[in-house]
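Data block below; observations after.
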Amino acid sequence: MAAALQKNIRPVKFPVTFRALTKRSSPAPFRVRCAAASPGKKSYNITLLPGDGIGPEVVSIAKNVLHQAGSLEGVEFSFREMPVGGAALDLVGVPLPEETVSAAKESDAVLLGAIGGYKWDMNDKHMKPETGLLQLRAALKVFANLRPATVLPQLVDASTLKREVAEGVDLMVVRELTGGIYFGVPRGIKTNENGDEVGFNTEVYAAHEIDRIARVAFETARKRRGKLCSVDKANVLEASILWRRRVTALASEYPDVELSHMYVDNAAMQLVRDPKQFDTIVTNNIFGDILSDEASMITGSIGMLPSASLSDSGPGLFEPIHGSAPDIAGQDKANPLATILSAAMLLKYGLGEEKAAKRIEDAVLGALNKGFRTGDIYSAGTKLVGCKEMGEEVLKSVVDSHVHTSV
Ligand code: IPM
Ligand code: MG
């Protein structure tokens, strides 16, 4: 299925303007994986994919934060910026140019802003910005998508749920990302024998796809509070019946993890009724898409939530879960914290640089503790700031951050 998608990544001739966009902050050729830059220093190549809408604003801030946190921990970065989504469509006529795929594959980690916008909404499917993102996930084989939803004490009143329901929520959605109905074939729109148009997709999971995401989820739960809830629709769908069977079979390898199962309709209801019952949730691609948006609202704003998409070996893809927000793009109103926290996940899950990651997480809390808020998380008595100022406050806090990690 991934191979089928790959075929859509057509070779294109790159105009001069494309070269201009593929910025490298260092002339050094890309090194694969981390290499020692100078004694005591580590160096990583990061591909930046700012994308569309608010993407460029939030990625440029997260890049500065990464640089700052890294330099305080003896870690250097070489950044290379590449086009994706609508930006790539405008530049070269495809949502995911081959050069972007190569750069991403050669790097140690990829940080993406957001893709999409009104301008491309009416495009054919293969020319939609979203198609570029799905092609990128397939090309990097990032099958495991970790989407944490944590209610920070500073933002509990920004939640639409009552304080007693939202307070203390700390859950992780482990979403399968490269299979299921998003990629399944057959798919299409055709006219049937009655002359009626029919749209169809296929929800399909092979046992090995279920096993590998389930293992990631069991491991994740093991490092958290040891509770895993597998969400499916096994009362109706065959793909879910197999999903439940495979997840159940693996449980004996993780006796320290308490496994439960829940139908997706019930899970959607339980998430707003009593979200604290959840620790780690594992689910398929489409249920994960929906439930992670729902979980994000418990935390107050989708503008706060980062994500990590991981493969078996190659570079991970790190992105905020919010979209491109074209209505506020270029107005300095976006909340950069989801992308900054995605940079922290990049350090932690992508590079194993836990100390630098902790610096960033602490710095975000520091800026919030000082009362700074973008519009989406503003409440009376706090200081309303724009995207840039929030970024500057986090940068200041990175420098001040007190590292208390045991790693
Ligand atoms: C997400 C988004 C994407 C998805 C879209 C933009 C293709 O909603 O990352 O959750 O459906 O996976
Ligand atoms: Mg989504």
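Everything numeric in this text was worked out from a predicted model, so none of it was measured. One-based numbering, in listed order, for ligands and for the atoms of each.
Taking the charged nitrogens against the carboxylate oxygens, Glu253 and Arg215 do have a contact shorter than 4.0 Å, which makes a salt bridge. Between Glu197 and Lys190, none of the side-chain N atoms (NZ, or NE/NH1/NH2) sits under 4.0 Å from a carboxylate O, so this pair counts as no salt bridge.
The ligand atoms of ligand 1 that sit less than 4.0 angstrom from a heavy atom of Arg175 are 1 (C), 4 (C), 9 (O), 10 (O), 11 (O), 12 (O).
When the shell of 6.0 Å around NZ of Lys388 is examined, it contains 12 or fewer heavy atoms from other residues, nucleotides or ligands.
Contact between Arg137 and ligand 1 is present, with at least one heavy atom of the residue lying under 4.0 Å from the ligand. Distances shorter than 4.0 angstrom occur between a heavy atom of Asp289 and an atom of ligand 1.
Using a 30° and 60° split on the angle between ring planes, Trp243 and Tyr205 fall in the perpendicular class, above 60°.
For atom 6 (C) of ligand 1, the nearest non-hydrogen atom of the protein is Glu130 CG, 3.8 Å. Of all protein heavy atoms, the one closest to atom 11 (O) of ligand 1 is Tyr182 OH, 2.6 Å.
For Asp289, the nearest N, O or S atom to the Mg ion (ligand 2) falls under 2.8 Å.
For atom 1 (C) of ligand 1, the candidate residues are Lys128, Glu319, Arg147; the nearest heavy-atom contact is made by Arg147.
Residues Asp376 and Ser301 bring a donor and an acceptor atom of their side chains to less than 3.5 Å of each other.
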Set out, in order, the CA-CA distance, both residues' side-chain angles and the distance that settles salt bridge (Lys or Arg N to Asp or Glu O under 4.0 Å) for Glu319 and Arg137, then state yes or no.
CA-CA 11 Å; Glu319 51 176 316; Arg137 289 172 181 170; 3.5 Å; yes
